[in-house]
> 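The following block contains the structure, expressed as structure tokens.
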Amino acid sequence: MSEATSTLEGWYALHDFRSIDWTAWKAADDEERAGALEELHNFLQEWNVLEQNNEGSTAVYSIVGQKADFVFMHLRETLEELNALENAFNKTDFAKYTIKAYSYVSVVELSNYLGSGDGDPKANPAVLARLQPILPKSKYICFYPMNKKRDLSDNWYMLSMEERREMMRSHGLIGRSYAGKVKQIITGSVGLDDWEWGVTLFSDDALQFKKLVYEMRFDEVSARFGEFGSFYVGGLLNEQLFEEMLKL
Ligand code: VOV
């Protein structure tokens with residue numbers, strides 16, 4: 001048996017993709033729409049306060065294309081908190097005008113491929129900041145789930161630790177060349193959702209997603225072992241932009 005990679009886990013993640021039910025939104029009267037917007041406003045405020053207190057983080061983005069209209073990406077300490085917040089949101093009047101499009105449950109993950117240093121890694125503030133990250137509020141987001149292959153000839157999980165480490169080193173080098181341009185948050189989802197990882201990228205230039213993902217396609221770990229799900233891409237929504245999007 002190959003040696004399993006040890007991982008560190010941080011905050012749990014819920015990517016909650018929704019579409020707007022435009023027919024219902026347009027059929028509502030002004031008072032109903034104002035009430036729904038007020039509830040949305042209250043939730044956005046609550047999530048802001050929570051983030052300021054370092055108890056979690058939320059990012060809100062519109063989604064381009066027909067897969068969804070927007071996404072709430074939530075990070076919280078526990079699965080229970082994520083569950084409670086989605087239930088609370090589902091009970092709002094605003095949620096009545098949304099249709100669930102897709103969701104993804106995972107947990108922020110760091111692996112020890114490139115060394116984990118001495119002592120308790122969670123006592124290291126830099127490691128803790130990566131495990132419990134405040135989500136960037138970059139202009140654009142890109143999310144997709146992925147697996148590493150388990151085919152007979154290309155089985156990531158049958159490779160030795162050394163072989164995997166070597167490939168991850170090359171992966172990390174490509175990634176590092178995008179420092180300052182793309183920020184990645186890797187969330188593990190083995191046993192939690194349908195794929196093995198969620199990849200969430202943030203950038204102020206959407207073209208950098210294409211450049212980075214394309215370059216990685218030629219790197220062995222992605223070229224040989226990567227399997228990818230659907231891509232979701234969109235732009236940052238603050239309260240004002242959200243209201244503009246909903247304006248009739
Ligand atoms: C923005 C750039 C960027 C950078 C700097 C970066 C670096 C690193 C490092 C140093 C490490 C290993 C240690 C750790 O930190 O966990 C990883 C780990 C990982 N990555 Fe990565 N990655 C990036 C970006 C980046 C992208 C764009 C993708 C998607 C791949 C693609 O082809 O579409 C990805 C995937 C992953 C995954 C699935 C893992 C976990 C693999 C496992 O088997 O456990 N990643 N990644």
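Count residues from 1 along the sequence. In each ligand, atom 1 is the first atom listed, and ligand 1 is the first ligand listed.
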> Any chance you could lay out the salt bridge (Lys or Arg N to Asp or Glu O under 4.0 Å) test for Lys100 and Glu86, step after step, and finish with the verdict?
CA-CA 11 Å; Lys100 292 166 190 156; Glu86 71 175 330; over 6 Å; no

> Please state which protein non-hydrogen atom is closest to atom 10 (C) of ligand 1 and give its distance, to 0.1 Å?
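For this ligand atom, the closest protein heavy atom is Leu114 CD1, 3.3 Å.
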
> If the cut-off is 4.0 Å to any non-hydrogen atom of Val199, which atoms of ligand 1 fall inside it?
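Atoms satisfying the 4.0 Å criterion: 28 (C), 29 (C).
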
> Heavy-atom contacts with Met216 under 4.0 Å: which atoms of ligand 1 show up? List them by number with element.
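Listed by number with element, the hits are 23 (C), 24 (C), 25 (C), 26 (C), 27 (C), 32 (O).
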
> Please indicate whether any nitrogen or oxygen in Ser222 is less than 3.5 Å from any nitrogen or oxygen in ligand 1.
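Indeed, backbone or side chain, Ser222 has an N or O that close.
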
> Given that the side chain starts at C-beta and the backbone is N, CA, C, O, which of these parts of Ile186 lies under 4.0 Å from ligand 1, counting heavy atoms, or is it both or neither?
side chain

> Using every non-hydrogen atom in the two residues, find where Ser103 and Leu14 come nearest and quote the distance to one decimal.
CB-CD1, 4.3 Å

> Are Leu201 and Val213 side-chain neighbours, meaning at least one heavy-atom pair lies under 4.5 Å?
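Yes - at least one pair of side-chain heavy atoms lies under 4.5 Å apart.
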
> Considering only non-hydrogen protein atoms, determine which one is nearest to atom 33 (O) of ligand 1 and report residue, atom name and distance to 0.1 Å.
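Here the closest protein heavy atom is Tyr144 OH, 2.6 Å.
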
> For residues Phe43 and Phe72, establish whether the separation of their ring centroids is below 6.0 Å.
no

> What part of Glu196, side chain, backbone, both or neither, has a heavy atom within less than 4.0 angstrom of ligand 1?
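Within the 4.0 Å criterion, Glu196 makes no contact with ligand 1.
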
> Could you check atom 6 (C) of ligand 1 against the protein and tell me its nearest heavy-atom contact, residue, atom and distance included?
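Ranking protein heavy atoms by distance from atom 6 (C) of ligand 1, first comes Gln184 NE2, 3.2 Å.
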
> Begin from the C-alpha positions of Phe231 and Phe209 and carry the test ring pair (Phe, Tyr, Trp, His ring centres under 6.0 Å) through to its verdict.
CA-CA 11 Å; Phe231 281 66; Phe209 297 144; 9.7 Å; no

> Taking 4.0 angstrom as the limit, do Lys247 and Glu244 come out as a salt bridge?
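Answer for the salt bridge query: no.
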
> Pick one of side chain, backbone, both or neither for how Met146 approaches ligand 1, counting any non-hydrogen atom pair under 4.0 Å.
side chain

> Give the C-alpha distance, both sets of side-chain angles, the deciding distance and a yes or no for ring pair (Phe, Tyr, Trp, His ring centres under 6.0 Å) between Tyr61 and Phe143.
CA-CA 11 Å; Tyr61 282 83; Phe143 169 81; over 10 Å; no

> What atoms in ligand 1 come closer than 4.0 Å to a heavy atom of Trp156?
43 (O)

> Against heavy atoms of Val182, which atoms of ligand 1 measure under 4.0 Å?
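What qualifies from ligand 1 is 1 (C).
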
> What are the atoms of ligand 1, with element, lying closer than 4.0 Å to any heavy atom of Arg176?
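Going through ligand 1 atom by atom, the ones under 4.0 Å from Arg176 are 5 (C).
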
> Could you pull out the closest heavy-atom pair between Tyr140 and Asp205, with the gap in Å?
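Here Tyr140 and Asp205 meet closest at CD1-N, 3.9 Å.
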
> Give the numbers and elements of all ligand 1 atoms closer than 4.0 Å to a heavy atom of Leu110.
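Per the distance check, 15 (O), 16 (O).
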
> Nearest protein heavy atom to atom 12 (C) of ligand 1, by residue and atom, and its distance?
Ser111 OG, 3.6 Å

> Establish, yes or no, whether the cationic atom of Arg217 lies under 6.0 Å from the six-membered ring centre of Phe228 and within 45° of the ring axis.
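Judged by the rule, Arg217 and Phe228 form a cation-pi pair.
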
> State the CD-OG distance between Gln52 and Ser57, to the nearest 0.5 angstrom.
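Interatomic distance, Gln52 CD to Ser57 OG, rounded to 0.5 Å: 11.0 Å.
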
> Identify the protein heavy atom lying closest to atom 11 (C) of ligand 1, giving its residue, its atom name and the separation to 0.1 Å.
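Result: Met168 CE, 3.9 Å.
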
> Evaluate ring pair (Phe, Tyr, Trp, His ring centres under 6.0 Å) for Tyr102 paired with Tyr232, printing each intermediate quantity in order.
CA-CA 10 Å; Tyr102 183 57; Tyr232 293 80; 5.3 Å; yes

> Quick one: does ligand 1 sit under 4.0 Å from the side chain of Tyr113, the backbone, both or neither, non-hydrogen atoms only?
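Only the side chain of Tyr113 comes within reach of ligand 1.
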
> Does Leu173 CG have over 12 foreign heavy atoms under 6.0 Å away?
yes

> Considering only the protein, which heavy-atom contact is closest to atom 34 (C) of ligand 1, and what is its distance?
His171 CE1, 3.3 Å

> With a cut-off of 4.0 Å, which atoms of ligand 1 are near a heavy atom of Lys148?
41 (C), 42 (C), 43 (O)

> Consider ligand 1: state whether an atom of it lies below 4.0 angstrom from any non-hydrogen atom of Arg217.
yes

> Step through the shown structure and confirm whether more than 12 heavy atoms of other residues, nucleotides or ligands are within 6.0 Å of CE on Met161.
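For Met161, atom CE is crowded (more than 12 foreign heavy atoms under 6.0 Å).
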
> To the nearest 0.1 Å, how far is atom 15 (O) of ligand 1 from its closest protein heavy atom, and which atom is that?
Arg130 NH2, 3.2 Å

> Nearest to atom 5 (C) of ligand 1, what protein heavy atom do you find, and at what distance?
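So the nearest neighbour among protein heavy atoms is Gly175 C, 3.3 Å.
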
> So, does Trp197 sit close enough to ligand 1 that a heavy atom of it is under 4.0 Å from the ligand?
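Distance cut 4.0 Å: Trp197 passes for ligand 1.
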
